[in-house]
Peer 1: 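Before I ask anything, here is the structure I am working with.
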Amino acid sequence: MEALEAILTRNSAPRLTGDVPKEAIESILKAGLRAPDHAQLRPWKILVIEGAARERLGELFARAKLTEDPSQTSEALAKLKGKPLRAPVIFVVAASLSEHPKVPQIEQYLSAGAVVQNMSHAAHALGLGAMWRTGGMAYNRTVHDGLGLGETDHIVGFLYVGEIDGRTKGLPDIDAGLYVQFWNG
């Protein structure tokens, strides 16, 4: 698939299954690492979670929720434990912030977001589906600590990747005129 076609046809795929070949994982990671990066700070960390590690991530989510709110029902905890099982591979992308005289932290966050976007496009170009998710667990300290992230690391997304199971939503036409202006000074 050509780059422009991949960008114009990418769509979130909430139902993912199957296998993601190691070669695809490597290509997706390489694409992510080509994100724009002012001063070559490489202000990101990427964790790859697959196989039984997804179950351990679900356990971490449940533990985090119980720490936050001990009154959780067993049904709510079971649902939370199942979330990482929605795809065969999850990439956790965190902005890894540092102080820099020419690169404000907002640019470092944006760079990490571009990592996720590049990875999503790469998955699509490889014929796979992807879904960028955040939610409360992305901002939970117990989850951060459990994943081994440091004080200056901030999760920008969980990118779920796998074979598309079922249909995706149609892509609506977007009227560029609603969002774009040509400025003439």
Side-chain angles (χ1 to χ4, degrees), residues 1-38 40-51 53-54 57-58 61 79-80 82-96 106-139 143 147 153-184:
M1 184 180 303
E2 291 191 28
L4 188 55
E5 180 185 356
I7 292 168
L8 294 175
T9 61
R10 189 218 56 85
N11 198 359
S12 294
R15 297 180 61 195
L16 302 162
T17 189
D19 292 315
V20 179
K22 294 290 182 205
E23 300 79 24
I25 291 172
E26 290 173 15
S27 293
I28 291 167
L29 289 167
K30 285 179 183 178
L33 297 174
R34 296 303 307 158
D37 173 19
H38 190 177
Q40 296 184 354
L41 293 180
R42 294 177 179 76
W44 347 278
K45 287 184 181 173
I46 305 168
L47 304 174
V48 182
I49 300 175
E50 56 187 337
R54 296 173 306 139
L57 180 61
F61 284 177
K79 183 177 179 182
L80 206 50
K83 288 188 175 195
L85 303 178
R86 296 182 288 196
V89 177
I90 303 167
F91 298 95
V92 182
V93 180
S96 188
I106 186 66
E107 288 186 22
Q108 296 174 50
Y109 274 111
L110 292 169
S111 182
V115 168
V116 182
Q117 180 181 11
N118 280 6
M119 293 171 73
S120 177
H121 285 302
H124 177 60
L126 292 167
L128 297 166
M131 183 73 157
W132 182 347
R133 298 181 185 270
T134 51
M137 294 296 107
Y139 311 108
V143 171
L147 291 173
D153 299 331
H154 304 274
I155 295 173
V156 296
F158 297 97
L159 185 66
Y160 288 69
V161 175
E163 296 173 11
I164 298 172
D165 182 14
R167 296 177 33 209
T168 58
K169 294 184 206 173
L171 291 172
D173 286 331
I174 299 174
D175 180 359
L178 296 173
Y179 306 98
V180 178
Q181 298 177 16
F182 289 86
W183 187 75
N184 294 313

Peer 1: For Tyr139, give me all partners under ring-ring contact (aromatic ring centres under 6.0 Å, His included), at least two apart in sequence or on another chain.
Peer 2: none

Peer 1: Can you tell me how far the CG atom of Leu47 sits from the CG atom of Leu57, to the nearest 0.5 Å?
Peer 2: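 Between Leu47 CG and Leu57 CG, I get 9.5 Å after rounding to 0.5 Å.
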
Peer 1: With rounding to the nearest 0.5 angstrom, report the CD to CG distance, Gln117 to Leu110.
Peer 2: 11.0 Å

Peer 1: Just to verify, what does Phe158 make a ring-ring contact (aromatic ring centres under 6.0 Å, His included) with, not counting sequence neighbours?
Peer 2: Phe61

Peer 1: With no hydrogens and no angle check, is any side-chain donor or acceptor of Asp175 less than 3.5 Å from a backbone partner on Gly177?
Peer 2: yes

Peer 1: For His124, what residues pass the ring-ring contact (aromatic ring centres under 6.0 Å, His included) criterion, not counting sequence neighbours?
Peer 2: none

Peer 1: Do any N or O atoms from the side chain of Arg10 and from the backbone of Ile7 form a donor-acceptor pair under 3.5 angstrom?
Peer 2: no

Peer 1: Excluding sequence neighbours, so at least two apart, what forms side-chain contact (heavy atoms from CB on, under 4.5 Å) with Ala123?
Peer 2: Ile28, Leu128, Ala130, Val161

Peer 1: Between Arg86 and Pro84 (side chain of the first, backbone of the second, donor and acceptor by atom type, cut-off under 3.5 Å), is there such a pair?
Peer 2: no

Peer 1: Quick one: closest heavy-atom pair of Gly32 and Asn118, and the distance?
Peer 2: CA-CB, 3.9 Å

Peer 1: Does the side chain of Ile46 come within less than 4.5 Å of Val92's, by heavy atoms?
Peer 2: no

Peer 1: Heavy atoms, side chains only, cut-off 4.5 Å: are Trp44 and Leu33 in contact?
Peer 2: yes

Peer 1: Are the side chains of Met119 and Leu29 in touch, meaning some heavy atoms are under 4.5 Å apart?
Peer 2: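 In contact.
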
Peer 1: Tell me, please, which residues at least two apart from Arg15 pass salt bridge (Lys or Arg N to Asp or Glu O under 4.0 Å).
Peer 2: Asp165

Peer 1: Any side-chain heavy-atom pair from Val156 and Val116 closer than 4.5 angstrom?
Peer 2: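 Val156 vs Val116: side chains touch.
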
Peer 1: If only atom types and distance count, is the side chain of Asp37 paired as donor or acceptor with the main-chain N or O of Ser111 below 3.5 Å?
Peer 2: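 Not confirmed, Asp37 side chain does not pair with Ser111 backbone.
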
Peer 1: Can you tell me if Arg54 uses its side chain to pair, donor with acceptor, with the backbone of Ala87 under 3.5 Å?
Peer 2: yes

Peer 1: Under the salt bridge (Lys or Arg N to Asp or Glu O under 4.0 Å) test, which residues partner Glu50, sequence neighbours left out?
Peer 2: Lys22

Peer 1: Taking C-beta and beyond as the side chain, do Leu147 and Ile49 meet within less than 4.5 Å on heavy atoms?
Peer 2: yes

Peer 1: Does a donor on one side chain and an acceptor on the other come within less than 3.5 Å for Trp132 and Ser12?
Peer 2: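 The criterion, which ignores hydrogens and geometry beyond distance, is not satisfied for Ser12 and Trp132.
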
